[in-house]
Amino acid sequence: MISLPRSFFLQPTLKVAHDLLGKHIFRLLDNKLLIGTIVETEAYCHNDPASHSFRGKTERNKIMFHEGGYLYVYFTYGMHFCANIVTGKEGIGEAVLIRAVEPIAGIEVMMKNRFPKQKGIDRRSFINLTNGPAKFCQAFGIARNENGLDLLDSEIRITEGDVVPSHHIKHSSRIGIQHGKEKLWRFFIAGNPWVSR
DNA sequence: ACCATGATCCGCT
DNA sequence: GCGGATCATGGTT
């Protein structure tokens with residue numbers, strides 16, 4: 001599948017966060033193809049107290065300072081991973097958090113990754129598959145090893161997806177942060193069942 | 001001490 | 001079914 005071009009990820013972070021809605025995220029995992037539609041994102045900018053990059057480059061966040069188009073995966077709360085798409089120019093620490101996707105393909109694999117013991121699938125677990133940033137990572141098998149992948153040339157890619165009418169896109173304060181709540185940098189497709197809240 | 005989360009439990013409809 | 005409280009668990013600064 002053809003990835004979006006580098007130029008897409010070099011754009012301003014807020015624009016990328018908005019424009020990623022409706023795009024498809026692909027993951028080749030154990031020879032199986034997983035696909036989801038991105039339905040919820042959050043922008044994290046360089047002068048933003050909520051951003052991991054706010055206090056400068058560290059071993060953990062250094063991928064955020066690459067040019068756009070790389071994957072930044074971080075570990076949090078002792079057990080979860082979250083995935084971001086790095087944006088903007090080399091040397092500036094900005095990224096877009098993928099908060100939720102709608103499963104499109106590879107749903108059996110996602111179910112196995114999220115709920116290994118469960119045998120069937122009901123509406124409850126279908127929604128619960130990918131309606132949060134760490135849930136999405138678990139479903140797609142994204143963890144430490146995927147940190148730093150180039151989205152233009154690896155087993156994880158972003159491709160053209162669905163066109164989302166702009167009046168379906170809403171924005172709000174970001175979730176789970178202490179500082180920067182006044183910034184409305186969370187973007188989501190209104191009414192989509194996989195949006196986290 | 002804090003943390004860009006998620007699962008569970010509990011009391012209430 | 002819900003909404004709120006609580007906790008699990010370990011890396012980072």
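All figures in this text were calculated on a predicted structure; none of them were measured in a lab. So that the names make sense, note that chain A is the first sequence line, chain B the second, and so on, each numbered from 1.
Per the geometry, CZ belonging to A/Phe136 stands 12 Å off P belonging to B/dG6, to the nearest Å. Rounded to a whole Å, the CZ atom of A/Arg60 is 16 Å from the P atom of C/dG10. Whole-Å rounding puts the A/Asn61 CG to B/dC3 P distance at 16 Å. Atom pair A/Arg197:CZ and B/dT5:C1' shows a separation of 10 Å (rounding to whole Å applied). Residue A/Asn147 contributes atom CG, which lies 14 Å from atom C1' of C/dT12 at whole-angstrom precision. Rounded to whole angstrom, the span from the CH2 atom of A/Trp194 across to the C1' atom of B/dG6 amounts to 19 Å. In this structure, A/Leu129 atom CG and B/dA7 atom P are separated by 11 Å, rounded to whole Å. The separation between A/Met79 atom CE and B/dC3 atom P is 16 Å, rounded to whole Å.
Set against B/dT5, C/dT13, C/dG10, the side chain of A/Phe75 has C/dG10 as its closest nucleotide. Each of B/dC3, B/dT5, B/dA7 was ranked by its minimum atom distance to the side chain of A/Gln178; first place goes to B/dC3. Checking C/dT12, B/dT5, B/dA7 against every side-chain atom of A/Asn128, the shortest atom distance belongs to B/dA7.
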Take A/Tyr74 and A/His52 through the test ring-ring contact (aromatic ring centres under 6.0 Å, His included) and record every step on the way to the result.
CA-CA 10 Å; A/Tyr74 68 89; A/His52 289 171; 4.5 Å; yes
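Side chain of A/Asp30 to main chain of A/Lys32: no donor-acceptor pair is present (N/O by atom type, distance under 3.5 Å, no hydrogens or angles).
An OP1 or OP2 oxygen of B/dA7 is reached within less than 4.0 angstrom by a side-chain nitrogen or oxygen of A/Arg114. Taking 4.0 angstrom as the limit, A/Ser51 places none of its side-chain polar atoms (N or O) nearer than this to OP1 or OP2 of B/dA4.
B/dA1 and C/dT12 make up a base pair, with Watson-Crick or G-U wobble contacts both under 3.5 Å. As the counterpart of C/dT6, B/dA7 is assigned, both hydrogen-bonding distances of the Watson-Crick or G-U wobble pattern falling under 3.5 Å.
Nearest-nucleotide positions on DNA chain C for A/His80 and A/Arg144 put A/His80 closer to the 5' end. Between A/Ala50 and A/Gln138, the residue anchored nearer the 5' end of DNA chain B, judged by the nucleotide with its closest heavy atom, is A/Ala50.
Ion pair A/Arg6/A/Asp153 not flagged as a salt bridge, since none of the NZ, NE, NH1 or NH2 atoms sits closer than 4.0 Å to an Asp/Glu carboxylate oxygen. Ion pairing of A/Asp48 with A/Arg174 is present here, as a side-chain N (NZ or NE/NH1/NH2) and a carboxylate O approach within less than 4.0 Å.
A/Arg55 comes within 4.0 angstrom of no nucleic acid atom, judged by non-hydrogen atoms across all strands. Within 4.0 Å of A/Leu97, counting heavy atoms only, lies at least one base atom of the nucleic acid.
Note that CG of A/Leu28 is 6.5 Å distant from CG of A/Leu33, once rounded to the nearest 0.5 Å.
Stacking here means ring centres nearer than 5.5 Å and ring planes tilted less than 30 degrees, and by that measure A/Tyr44 stacks onto B/dA4. B/dC3 has its base stacked against the ring of A/Tyr77, the centroids being under 5.5 angstrom apart at an interplanar angle below 30°.
Cation-pi check for A/Arg144 over A/Phe75 is met; the charged atom lies under 6.0 angstrom from the ring centroid and within 45 degrees of its normal.
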